[in-house]
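Per chain, numbering begins at 1; letters A, B, ... match sequence-line order. From a predicted model like this one, the values you see are computed outputs, not experimental measurements.
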Amino acid sequence: MNTNKPDRRRFLKNGVALAGLAVGGMRSGVAQTLGSEAVERHAKVAESYGERTRFETVARLPQAPTPQYQRAGIMLTPLQDSVGIITPSSLHYIATHNHAVPEIDPRQHRVLIHGLVDRSLVFTMEELRCLPSVSRVHFLECANNSTQLLAGDGRKAETVQDTHGKTSCSEWSGVPLSVLLKEAGVQKGAAWVIAEGLDLVKHAQSIPLEKAMDDIIVAYGQNGEALRPEQGYPLRLVTPGFEGLYQVKWLRRIKVVDQPYMNLLETTTYIRPMPDGKAHWFDFELPPKSVITRPSGGQRVPGRGFYEITGLAWSGGGAIQRVEVSTDGGRTWKDARIQEPLHRFAHTRFYFPWTWDGEETVVQSRCTDERGQVQPTLTEFLKTRGVDLNYWKTTKARVGFFNGIQPWKVTREGSVQNALL
Amino acid sequence: MRCYNRSVLLIALVACSAAFAQGPTYQRGRTPTQEEIRAWDISISPSGMELPPGKGTAKEGANIYAQKCAECHGPTGAEGDFRHGRLVGGKGTLNTTRPIITLGSFWPFATTIWDYINRSMPMYRAGSLSADEVYALTAVLLYRNGIIQENDVIDAKSLPKIQMPNRNGFFPTKPVWKPGTKREFGLYP
């Protein structure tokens with residue numbers, strides 16, 4: 001391997017020089033610089049597991065500790081720097097309720113399928129890898145993503161990482177749960193499955209059998225390699241479009257049953273209390289949501305002129321059908337261009353050509369999904385909950401499932417600020 | 001990877017699965033023993049079907065609570081903050097802007113208390129409690145929330161029958177899911 005080194009270096013060096021010549025040739029003057037020169041030490045031989053350049057430092061950030069959330073142990077995805085639709089595995093958001101990430105030896109790991117089945121089965125990781133598999137692009141999102149704005153927790157969300165950082169999107173690979181359930185033979189009377197993880201509190205979640213037979217993946221792969229430890233290594237559920245709780249990590253058991261088992265987090269914490277004291281439970285699918293990631297809070301628009309607005313849209317209702325953008329504070333809306341191919345239950349990239357005239361304005365996006373569900377404004381959202389803004393600013397009840405339109409204000413200086421509240 | 005085909009068997013099975021909707025097609029995985037399933041299966045249904053033998057009262061539970069739970073949840077369970085999960089109190093607060101959500105004021109089923117204590121508590125020492133201890137701890141938490149009497153015996157029969165005060169506080173009354181249904185997010189059904 002090492003014998004390649006000199007050759008490779010020479011090649012890279014020459015390559016850079018040639019590229020410089022080519023571009024320089026197209027421009028008029030030889031003196032024109034391309035802004036930077038490749039330095040010898042960067043042209044190092046590929047490492048066994050590659051790292052990004054030292055010039056790129058975008059990173060996850062912990063959600064600011066607040067009385068309500070300090071035990072949530074949440075790391076937020078830096079959506080402001082995202083391009084395309086895939087979140088690098090290293091930047092995927094993390095929400096583990098502050099419980100340590102278990103370290104599991106895949107050779108020892110087993111998953112049990114039992115309950116209302118003809119044949120209980122235990123699978124090793126090796127046996128799972130023998131079964132028919134799929135790879136699909138899906139977003140995950142915490143039910144409480146972008147609610148900290150409204151929860152009155154003392155910290156103003158400034159960047160899109162603050163407001164929307166609890167969603168990420170990956171290509172997930174694994175065995176359809178339906179394959180395992182058919183192998184075991186689901187019996188009459190079965191209507192739900194309980195999925196259980198191997199974490200400290202053995203998180204368990206009740207999932208409708210129809211969903212389990214539809215499109216859930218028992219995933220061992222993420223973005224072309226094994227799952228990351230904090231994403232459930234060696235095995236997790238990916239339940240497309242459903243809130244984060246259903247994406248059971250470190251999966252060890254599937255029990256086929258007749259009714260929801262009312263595990264802790266489907267009994268409390270993630271239930272949505274209403275002002276009259278009643279509560280909404282089993283919401284399952286996340287609502288349609290979109291946000292402009294460029295320009296977004298904390299960024300700068302570099303002077304008047306052309307600027308391509310871009311952002312992400314996603315929905316638990318399936319594919320994104322339409323994204324509209326307003327650059328005049330919501331007076332007019334125009335269709336954005338949607339990046340194809342379209343994936344269902346996935347982040348969807350949109351683009352909108354904009355020429356900024358240098359005046360203060362507000363930019364925002366709204367999306368429509370394949371079911372015709374439209375993302376609401378904050379005011380419309382509050383109406384569906386039957387509450388006013390003041391209620392959400394003062395209540396200690398968790399909001400959850402907030403999908404209001406996110407406006408960003410662009411000042412005359414070109415700085416961008418959160419304009420929701 | 002040992003992904004060899006048992007082709008003869010496979011042909012036979014494909015024939016089978018045509019006759020029965022769900023036959024094993026791939027012949028992977030092994031059959032667990034009943035003991036293995038019993039050891040792994042910690043799920044408790046609201047019907048209480050899986051509850052093991054054993055029993056306990058609030059009187060017995062008070063001692064165990066003081067030894068094994070109070071360090072995090074406070075001497076009575078009503079002191080606990082959001083971080084550690086307050087275990088007692090909150091009656092009548094659900095329709096205010098400061099709802100105190102506890103197992104007494106909010107949870108719809110008493111079986112969840114048993115399931116969760118047995119599954120996850122005490123934190124970092126989950127699985128260390130005997131069935132009798134879990135029954136007694138469930139009893140003391142129900143008693144301190146004013147749901148049962150101090151000497152009521154809690155066991156596999158009595159626990160699922162306990163009517164929790166907020167049992168009817170949830171929408172929709174019966175959770176169902178159908179693929180592709182358009183939903184009014186946030187609205188009552």
Side-chain angles (χ1 to χ4, degrees), chain A residues 67-68 70-71 112 114 118-123 126-127 129-131 182-183 185-186 194 196 200-202 204 208 210-211 214 253 255 257 259-264 267-268 271 273 275-282 284-285 287 317-318 371-373 381 384-385 391 394-397 401 403, chain B residues 1-3 20-26 28-32 36-37 40-47 81-84 94-99 101-103 106-109 111-112 115-116 119-120 123-124 126 166 169-172 175-188:
Chain A
Q68 258 197 339
Q70 59 188 334
R71 73 175 158 86
L112 169 66
H114 73 120
D118 293 337
R119 300 162 291 279
S120 300
L121 287 170
V122 179
F123 290 96
E126 192 181 47
E127 285 162 336
R129 289 301 294 266
C130 295
L131 296 176
K182 282 177 191 159
E183 284 300 284
V186 173
I194 315 299
E196 182 179 273
L200 186 65
V201 291
K202 296 178 199 71
E210 254 189 279
K211 180 70 175 172
D214 190 22
R253 192 164 69 92
K255 180 174 184 176
V257 297
Q259 59 181 309
Y261 265 33
M262 306 316 303
N263 299 290
L264 182 77
T267 282
T268 187
I271 312 301
D276 65 359
K278 301 268 189 204
H280 207 277
W281 64 5
F282 292 98
F284 304 122
E285 291 133 332
R371 296 180 193 172
Q373 302 173 138
F381 173 84
T384 65
R385 298 291 175 95
Y391 174 82
T394 53
T395 184
K396 284 270 183 215
F401 281 64
N403 67 328
Chain B
M1 280 266 152
R2 289 179 288 120
C3 294
F20 308 99
Q22 293 181 339
T25 309
Y26 307 105
R28 288 283 165 195
R30 71 170 169 83
T31 307
E36 278 178 304
I37 295 177
W40 280 36
D41 184 7
I42 52 172
S43 292
I44 306 295
S45 160
S47 73
D81 57 12
F82 190 87
R83 247 179 315 156
H84 279 160
L94 294 185
N95 59 356
T96 70
T97 56
R98 295 265 183 288
I101 290 176
T102 71
L103 62 94
F106 194 74
W107 294 18
F109 295 101
T111 44
T112 306
D115 174 293
Y116 187 69
R119 166 189 301 273
S120 314
M123 190 67 92
Y124 313 116
N166 193 41
F170 300 90
F171 285 91
V176 283
W177 181 84
K178 291 264 171 267
T181 322
K182 186 168 170 178
R183 305 179 53 219
E184 303 264 19
F185 291 99
L187 277 179
Y188 284 4

Seminar exercise, completed: OG of B:Ser47 to CD of A:Gln259, rounded to nearest 0.5 Å, is 5.5 Å

For this session: Drop me the distance from A:Arg129's CZ to B:Arg28's CZ, to the nearest 0.5 angstrom.
Result: 13.0 Å

For this session: Mind ranking B:Asn166, B:Asp115, B:Thr111, B:Thr112 by heavy-atom pairs under 4.5 Å with chain A and telling me who comes out on top?
Result: B:Thr112

Problem set entry | Between A:Glu196 and B:Trp40: side-chain donor-acceptor atoms closer than 3.5 Å | no

Exercise. From B:Phe106 CZ over to A:Ile271 CD1, what is the distance, rounded to the nearest 0.5 angstrom?
Worked result: 5.5 Å

Seminar exercise, completed: When the 4.5 angstrom heavy-atom criterion is applied to A:Lys255 and chain B, the contacting part is side chain

Problem set entry | Region of A:Val122 in contact with chain B, defined by heavy-atom distances below 4.5 Å | both

Exercise. What part of A:Leu131 lies closer than 4.5 angstrom to a heavy atom of chain B: side chain, backbone, both or neither?
Worked result: side chain

Seminar exercise, completed: The interface call for B:Thr102 against chain A, heavy-atom contacts under 4.5 Å, is neither

Exercise. Checking heavy atoms, do the side chain of B:Leu103, its backbone, both or neither come under 4.5 Å from chain A?
Worked result: neither

Exercise. Based on non-hydrogen pairs under 4.5 Å, which of B:Ser120, B:Ser45, B:Gly169 is most in contact with chain A?
Worked result: B:Ser45

Problem set entry | Segment of A:Glu210 engaging chain B (4.5 angstrom heavy-atom cut-off) | both

For this session: Please name all residues satisfying salt bridge (charged side-chain N to carboxylate O under 4.0 Å, His left out) with A:Glu183, sequence neighbours left out, ordered by chain then number.
Result: none

Exercise. Hey, are the side chains of A:Arg119 and B:Thr31 touching, using non-hydrogen atoms and a 4.5 Å cut-off?
Worked result: no

Problem set entry | Contacts of A:Trp281 that satisfy ring pair (Phe, Tyr, Trp, His ring centres under 6.0 Å) - sequence neighbours left out | B:Phe170

Problem set entry | side-chain contact (heavy atoms from CB on, under 4.5 Å) assessment of B:Trp177 paired with A:Glu285 | CA-CA 10 Å; B:Trp177 181 84; A:Glu285 291 133 332; 2.8 Å; yes

Seminar exercise, completed: Distance col, row A:Lys278:NZ vs B:Leu94:CG, nearest 0.5 angstrom, shows 10.0 Å

For this session: Find the distance between NE2 (A:His114) and CG (B:Asp41) and round it off to the nearest 0.5 Å.
Result: 4.0 Å

Exercise. Given a strict heavy-atom distance threshold of 4.5 Å, which part of A:Ile194 is in contact with chain B: side chain, backbone, both, or neither?
Worked result: side chain

